[in-house]
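In what follows, chains carry the letters A, B, and so on, assigned in the order in which the sequence lines appear, proteins first and then strands, with residues in each chain numbered from 1.
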Amino acid sequence: GHGSSKPSVTDSSDDSTTEGSNRSSSLFSRLHIHRHHRRLRLHRGGSGSHSGSHSKLHAAEDFAGIALVKLIGAEMKFKDKWLACISFGEQTFRTAISDHTDKPIWNSEKKLLLERNGPRVARISVFETNILSKNNLVGYCEIDLYEFLTRDSDSDSEMFDLLDPSSPDIIVGKISLSCSVEDPIETEKSFVRRILAIVDYNEDGKLSISEFSDLIDAFGNQLAADKKEELFKAADQNGDGVVSMDELAILLAIQQEKEPLINCCPVCGEILEVSDKLNNMVHLTLCFDEGTGNQVMTGGFLTDKQASYGWMFKLSEWANFSSYDIGLKSGSRSSHIVVFDRRTKRLVEELIDAKIVLSMRAIYQSKIGLGLMDTGVKELLQSISEMQGKKMNSIESAKDIPEFIEFFKDQINLTEIKYPLEHFKTFNEFFIRELKPGARPIACLERDDVAVCAADSRLIAFRNVEDSTRFWIKGRKFSIQGLLGKEICSTAFMDGSLVIFRLAPQDYHRFHFPVSGTIEHFVDIPGCLYTVNPIAVNSKYCNVFTENKRVVSVLSTKDFGKVAFVAVGATMVGSITFTKKKGDYIQKGDEFGYFSFGG
Amino acid sequence: STVICVFEKDTIEIDEDLVANSARSLETLVSVGMKLGVSIKKGPETGLPNLEKCVLE
């Protein structure tokens with residue numbers, strides 16, 4: 001997200017440049033001065049496609065906020081397939097590739113962050129594309145966005161000469177682009193509508209008190225959290241117990257003026273400056289745009305991958321492995337999944353940071369989010385997992401073990417681990433730690449007609465598939481045949497019973513045989529590495545169990561007939577290793593294999 | 001990561017507490033080796049009648 005490059009807009013008018021003051025002085029008297037948004041004064045009603053919510057700047061001190069740049073098209077001197085890039089500050093974005101033409105049309109939009117003391121000049125480059133060799137830079141131009149946004153023109157768009165990169169005197173074409181600045185109030189409202197859409201779990205377009213409550217928790221403001229009911233009542237004008245999106249957006253926009261509700265970014269977790277409301281909204285809007293792929297233009301080259309990487313890393317509870325410092329115990333308040341502890345017979349809360357929950361909901365429970373998966377994010381999840389595997393297999397990773405144990409100190413019992421901590425030379429070695437013999441007593445060991453649990457996990461079990469889809473697995477494409485694959489699936493399995501063991505980061509990661517019998521065979525099924533968190537499993541848009549990478553083995557038993565055993569990989573933890581082989585006779589409770597970090 | 005076990009139709013009687021929690025969409029925290037369920041033995045293989053499927057008329 002934008003967590004590492006926080007915008008730094010200041011409110012001091014003393015910093016205005018002389019040039020900027022002169023340029024704006026003639027227009028200054030026309031400005032409508034909004035007390036709370038004096039940094040971004042906008043001339044409303046300008047021409048162009050964005051009039052109303054977007055417009056031009058009128059003063060140097062206005063040069064802050066979100067600029068919407070649109071690369072419309074170009075006129076080149078020969079036919080080819082073209083793409084254009086815009087570089088601004090440390091960001092670079094590119095358009096799609098045009099048709100084979102000398103007049104490419106892109107109509108690609110990108111929101112850019114304008115900072116008063118930040119970059120002003122955008123460089124636009126136009127490339128001819130080649131399948132077999134590198135793309136060729138044909139022309140470029142540099143545009144001072146401040147000049148562009150303060151020029152005295154009725155039109156939002158303008159043509160610029162494209163210069164030959166080796167001989168800047170030669171004009172090789174023209175490019176048409178538009179640029180406008182988003183009204184900060186619109187930014188604020190649209191942001192609130194979007195974030196509220198994410199917590200509107202039942203998608204009825206209205207927020208219940210509990211949905212609203214989750215949102216405030218994610219904002220990390222304790223004061224606001226204590227006033228949730230009061231805020232909710234203020235928004236619920238007709239007193240029907242629910243609040244429409246627009247009502248709440250308006251309330252939050254007003255509230256944000258009086259007393260900021262949002263103390264930390266629910267996307268990247270960054271603590272936001274209370275005194276810098278506009279800057280915060282800019283930060284949040286760009287963070288969300290980046291995460292949801294809402295913008296037409298994609299980030300270019302390295303920056304795109306890095307941006308997506310940052311976002312995707314939060315799409316799994318496994319993110320905690322590399323972010324102890326912003327994990328469960330700080331930042332926004334934690335959300336939770338309630339689990340019933342069979343041993344103590346009590347309900348316990350499994351804590352997951354609220355921002356991770358929101359991120360996961362944003363991607364796994366929305367069409368937009370899952371749409372992202374078709375644009376290379378599946379491959380990204382794979383490469384993140386492979387990279388994490390390499391990292392966790394390095395000697396340096398061993399230093400994370402004590403920190404990890406401290407983090408989960410109530411949930412990892414060190415006395416039952418087979419070897420002392422010094423034995424583990426990498427984090428992955430610790431992750432797949434063995435337990436001392438007898439640490440896990442096997443129920444009714446002498447009776448093969450009693451099946452046992454296969455993993456330290458959160459279990460959910462159904463007598464048939466129909467129940468499993470009614471109560472738990474919401475992916476529309478789920479089926480037993482999809483899970484097991486055609487090679488293994490038989491009629492008897494089709495209406496069989498289903499038991500799901502979900503492992504959490506802190507768990508003992510070896511899995512065991514639930515029944516006694518013979519291993520008939522293994523079948524590798526390649527696939528994605530979505531998270532297996534209930535947020536994804538419960539999503540109608542995501543088909544975790546039938547699309548994730550997995551290995552299906554079949555056990556032949558005397559008391560249970562055939563039993564299919566499916567080991568499903570997940571984000572970060574995609575490596576599946578078996579310690580038994582085909583043809584082995586195994587006793588229930590014996591170790592079968594383990595999951596570890598990797599792809 | 002996740003392990004899923006699929007049993008053939010009418011071969012296992014899963015423990016009632018696990019099924020009841022699941023029917024409330026509530027996961028149950030378990031450990032390796034805890035009891036999961038009992039085989040539904042069928043007559044021809046075991047010599048025992050499948051009482052679960054018997055109906056009094």
statement: Heavy atoms of Ala443(A) and Met34(B) approach each other most closely as CB-C, 4.3 Å
message: If we define contacts as heavy-atom pairs under 4.5 Å, which of Leu18(B), Val19(B), Val6(B) has the most with chain A?
response: Val6(B)
- prompt: Looking at Thr28(B), Leu36(B), Val38(B), which has the largest count of heavy-atom pairs under 4.5 Å with chain A?
  reply: Thr28(B)
query: Most heavy-atom pairs under 4.5 angstrom with chain B, which of Leu459(A), Ile442(A), Leu435(A)?
result: Leu459(A)
task: Name the region of Leu483(A), side chain, backbone, both or neither, that has any atom closer than 4.5 Å to a heavy atom of chain B.
output: side chain
query: How far does CZ of Arg502(A) sit from CG of Leu29(B), to the nearest 0.5 angstrom?
result: 9.5 Å
message: Which atoms of Leu484(A) are under 4.5 Å from chain B, going by heavy atoms: the side chain, the backbone, both sets, or neither?
response: side chain
message: Please classify the contact between Ile480(A) and chain B as side chain, backbone, both or neither, with a heavy-atom cut-off of under 4.5 Å.
response: side chain
- prompt: Between OG1 of Thr2(B) and CZ of Phe595(A), what distance do you get to the nearest 0.5 Å?
  reply: 7.0 Å
message: Distance check, rounded to the nearest 0.5 Å: Lys345(A) atom NZ versus Asp17(B) atom CG?
response: 7.0 Å
Side-chain donor-acceptor pairs under 3.5 Å in residues 488-501 of chain A, sequence neighbours left out?
unit_1    : atom_1 : unit_2    : atom_2 : d
Ser497(A) : OG     : Arg463(A) : O      : 3.0

- prompt: Roughly how far, to the nearest 0.5 Å, is the OG1 atom of Thr11(B) from the CG atom of Asp449(A)?
  reply: 12.5 Å
- request: Over all heavy atoms of both residues, which pair between Phe565(A) and Cys5(B) is shortest? Give the atoms and the distance, please.
  value: CD1-SG, 3.8 Å
task: Give a yes or no answer on whether the side chain of Ser39(B) reaches the backbone of Asp559(A) with a donor-acceptor pair at less than 3.5 Å.
output: yes
task: Identify which part of Pro441(A) has an atom lying under 4.5 Å from any heavy atom of chain B, answering side chain, backbone, both or neither.
output: backbone
task: Against chain B, work out which of Tyr508(A), Phe511(A), Phe545(A) has the most heavy-atom pairs shorter than 4.5 Å and name it.
output: Phe545(A)
- prompt: Tell me, side chain or backbone of Phe560(A) under 4.5 Å from chain B's heavy atoms, or both, or neither?
  reply: both
statement: side chain to side chain contact (heavy atoms under 4.5 Å, CB included) filter on Leu26(B), not counting sequence neighbours, yields Val338(A), Phe340(A), Leu347(A), Asn21(B), Arg24(B)
- request: Locate the shortest heavy-atom distance separating Pro534(A) from Glu27(B); write the atom from each residue and the value.
  value: CG-OE1, 3.9 Å
- prompt: With a cut-off of 6.0 Å (strictly less than), are more than 12 heavy atoms of other residues, nucleotides or ligands near CD of Glu466(A)?
  reply: no
- prompt: Where do Ser1(B) and Val532(A) come nearest, in terms of heavy atoms and distance?
  reply: N-CG2, 3.6 Å
- prompt: Which atom pair, heavy atoms only, marks the closest approach of Ala454(A) to Val3(B)?
  reply: CB-CG1, 4.5 Å
Which atoms of Phe513(A) approach chain B - backbone, side chain, both or neither, heavy atom under 4.5 Å: neither
query: Contact part of Val515(A) toward chain B, heavy-atom cut-off under 4.5 Å: side chain, backbone, both or neither?
result: side chain
query: Short question: side chain of Ser22(B), backbone of Ile460(A) - any donor-acceptor pair under 3.5 Å?
result: no
query: Which heavy atom in Val452(A) sits nearest to a heavy atom in Gly33(B), and how many Å separate them?
result: CG1-O, 3.5 Å
- prompt: Is a side-chain N or O of Asp456(A) found less than 3.5 angstrom from the main chain of Val32(B), in a donor-acceptor match?
  reply: yes
